[in-house]
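Naming: A, B, ... by sequence-line order, numbering from 1 per chain. Only a predicted model underlies this, so the values are computations on that prediction, with no experimental measurement involved.
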Amino acid sequence: MKWGLVAAITALTAFLVGIAWVQSGGIAQHAMFSAGNPEEAVQALMSEIQARDYPRAYSALDPSSDIDLETFTQDVAGSDSSLRTYSSLQTADISPLHATADEAVVRVRMTWSSAVGSIDDVRDLHVRREGSVWRVVWPKPAVQNVPPQVVSVNYLRWEVIGRNRSQAWGSQDVDSPKVRITSMNAIARPDRVVIVGEVENEDTVPAYLNVNATLLKADGSPLEEEGSFDMISHVLLPKQVSPYRIDFPGIQIAAVKSVRMDARALLVPASADPVIAVSDQQIVKDGLNRNVLKGELVNQSGRPVNIAQVLAAYYDNSGKVIWVSDGYVDQALMPQVAVPFAVDIPDDIAAKLKNYRVIVNHYSRTSS
Amino acid sequence: MAHRHRNFHRSLNRVAQLAAMLWVVMGMAMADDLHVPASVEAGQAFSIPTEGSGQATFYVIGPDHVIKRGVNLGSEIQIQAADVTAAGMYQVLVCSQACSSARFEVKAAQPAKLSFFLHPSRVPVSTPDSIDATTLVFDRYWNLVLAPAAVDFHITPATGAGTSRKLESHNGIAWMRMDSTAHEGPVQVTAALGSAQEPRVIQQVAAEACGLRMKAVPSGKSVVLETDPVRDCSGNPLPDGTVVSFTKVDEAGKSTVDTPIKKGVARTQFDLKGPAHISVACGVVLGNEVAVNGKL
């Protein structure tokens with residue numbers, strides 16, 4: 001009887017300890033520190049990143065990783081109010097690329113969910129075996145250090161003084177900017193109709209712009225109406241040209257007789273800075289064998305740009321816009337630092353395109 | 001606010017009920033007509049003679065108000081200037097045993113005020129028929145003056161001599177259309193009628209870039225690009241902030257910079273990797289192209 005009670009208390013204690021171990025992530029930790037193959041090691045690391053437990057993820061890295069915890073955390077979780085800081089890892093697809101007895105290369109496609117949609121980050125990770133355990137070697141991110149300096153910026157800024165509401169009827173006001181849709185092309189895609197084109201601010205003041213399209217049936221009645229949403233640079237400086245794209249999911253082009261376009265512009269305060277250069281643009285195949293337009297963004301001003309969006313227009317031989325695609329950059333654009341970007345291009349468009357043009361939308365946490 | 005709204009509606013209802021009642025009374029008990037002028041000028045006092053004796057009730061039903069007061073028959077009823085400020089048709093009624101009525105028209109007084117619309121507020125230089133100037137003529141009570149009135153338009157550019165045009169209003173409106181001049185800058189347009197003057201300013205701005213040219217200056221492994229002062233075909237400088245696009249194609253691929261004009265010129269810098277071909281554009285206007293051999 002006496003020994004039975006002791007055994008029962010011991011078993012209960014062991015059970016409770018077990019529950020606590022499981023709840024504190026013991027299984028994941030065990031998996032991470034006892035990964036029996038490269039894929040398990042990467043999978044365990046992704047689980048910790050997904051749980052935002054960066055110290056634990058860092059502790060499971062191979063010691064040969066030339067990276068400290070802070071840099072690792074910034075690389076994975078983002079910094080400087082970049083888009084990554086507002087994102088969470090949704091899924092991680094793992095596929096082995098190459099393996100020997102002691103080393104392997106594993107491709108991981110991390111899909112991050114963010115306020116602007118999902119963003120893919122594809123990385124080829126080296127994994128090393130140490131004893132019976134595989135560990136990921138996390139590469140040190142190539143961070144460009146810009147020497148301390150003073151960047152001279154002649155701020156060009158437009159402010160708007162509107163009409164005083166107390167003034168009499170007929171008193172003067174400032175007009176909205178004059179904008180013009182310079183091209184429009186309706187494209188049939190397998191599951192939708194897409195309207196692409198370009199719009200120019202012809203005025204000498206900045207414009208906040210929205211482009212809407214209405215698909216019309218043969219009898220002239222509206223079939224569907226949509227706006228360009230974020231597939232446009234909404235703020236256009238004088239003489240600036242932006243591509244736009246308007247999607248009509250579920251519509252077949254055979255049902256469309258004509259398209260009515262509507263560009264609405266508002267006069268808004270704006271700044272001409274920052275200037276963002278788009279350098280070394282090339283169309284290449286990425287690691288997943290997709291056609292991408294890749295290049296680098298360089299913020300030429302002296303203030304960080306927190307979130308950048310790349311908009312690319314593609315032209316055929318005749319100079320007609322045949323596609324517009326976009327991509328968000330999940331790193332902040334620090335002054336004078338080149339940040340890579342890549343934008344998807346559908347295969348059929350890549351086969352036809354002759355030329356392309358890239359512009360950059362930017363959002364900064366502090367108003368400029 | 002809601003309380004005031006309710007009171008306003010209640011007052012309107014009362015006016016409508018009163019007017020309806022008066023029309024019924026008029027139909028039932030119309031007696032001798034009153035003698036009133038066929039038309040008077042807004043804000044002009046006048047009197048209406050009455051016959052008989054005793055007390056009566058006098059009503060004025062105007063386009064925007066109704067007045068009721070007691071009068072003595074046999075004396076003249078004074079219509080104050082403030083009672084007839086709104087132009088339109090008026091009805092007057094005097095009721096004792098029976099009712100007498102008359103109708104008269106109040107016409108707008110002499111032109112005294114202007115509403116002036118000048119459109120647009122910005123216009124590219126040298127554009128025909130691009131400026132609309134429209135004036136509405138009112139009297140001092142803001143009644144539209146339908147009688148013809150001469151309106152002077154004085155056009156004063158920032159530089160050079162000004163011009164004037166005299167136009168006669170039709171049905172209260174005088175308007176004209178004019179070309180923008182070849183020089184940028186503010187243009188003041190003043191509509192004047194007697195002592196009433198309404199000035200407006202329109203901004204003439206540079207048109208599209210013309211003869212856009214850049215030059216390339218080697219700087220180590222990069223090239224500094226700078227446009228000549230960017231001007232339109234009339235020689236007006238494009239305003240600072242106008243975007244100029246530089247494009248470079250070399251071994252590294254294509255590079256683009258959209259940079260605003262500052263102090264009249266646009267400037268940027270590209271790193272070079274091999275021979276490069278550089279072009280410049282401003283909006284839909286293309287500039288010159290520069291070939292750089294990459295061995296600066």
Is it the side chain or the backbone of [X] that comes within 4.5 Å of chain A heavy atoms, both, or neither?
X	result
B:V284	both
B:L114	neither
B:A206	backbone
B:E251	backbone
B:T247	neither

What are the two closest non-hydrogen atoms of [X] and [Y], and how far apart are they?
X	Y	answer
B:S180	B:I131	CA-CD1, 4.1 Å
A:W158	A:T204	NE1-O, 3.8 Å
B:R267	B:E226	NE-OE1, 2.8 Å
B:S126	B:S234	OG-OG, 3.5 Å

Could you check whether atom NE2 of B:H183 has more than 12 heavy atoms from other residues, nucleotides or ligands sitting under 6.0 Å from it?
no
Part of [X] within contact of chain B (heavy atom distance under 4.5 Å):
X	value
A:S183	neither
A:D203	side chain
A:V278	both
A:E198	neither
A:L236	neither

Which one, A:P177, A:S279, A:A272, leads in non-hydrogen pairs under 4.5 Å with chain B?
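Among the listed options, the one with the most contacts to chain B is A:S279.
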Residue among A:V298, A:I276, A:V205 with most heavy-atom pairs under 4.5 Å to chain B
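It is A:V205.
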Student check: side-chain heavy atoms of B:M214 and B:T268 closer than 4.5 Å
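B:M214 vs B:T268: side chains apart.
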Tell me, do A:V196 and A:I187 make a side-chain contact under 4.5 Å, heavy atoms counted?
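Heavy-atom side-chain distance check passes, below 4.5 Å.
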Look at B:P239, B:P124, B:G283 and state which one has the largest set of heavy-atom pairs under 4.5 Å with chain A.
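If we count pairs closer than 4.5 Å to chain A, B:G283 comes out on top.
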Selection from B:V257, B:V285, B:D250 maximising heavy-atom pairs under 4.5 Å formed with chain A
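Of B:V257, B:V285, B:D250, B:V257 has the most heavy-atom pairs under 4.5 Å with chain A.
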Quick one: which of A:D230, A:V310, A:V343 gives a side-chain contact (heavy atoms from CB on, under 4.5 Å) with A:D326?
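It is A:D230, the one option of A:D230, A:V310, A:V343 that forms the side-chain contact (heavy atoms from CB on, under 4.5 Å) with A:D326.
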Side-chain donor-acceptor pair under 3.5 Å between A:S233 and A:N361, yes or no?
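A donor-acceptor contact under 3.5 Å links the two side chains.
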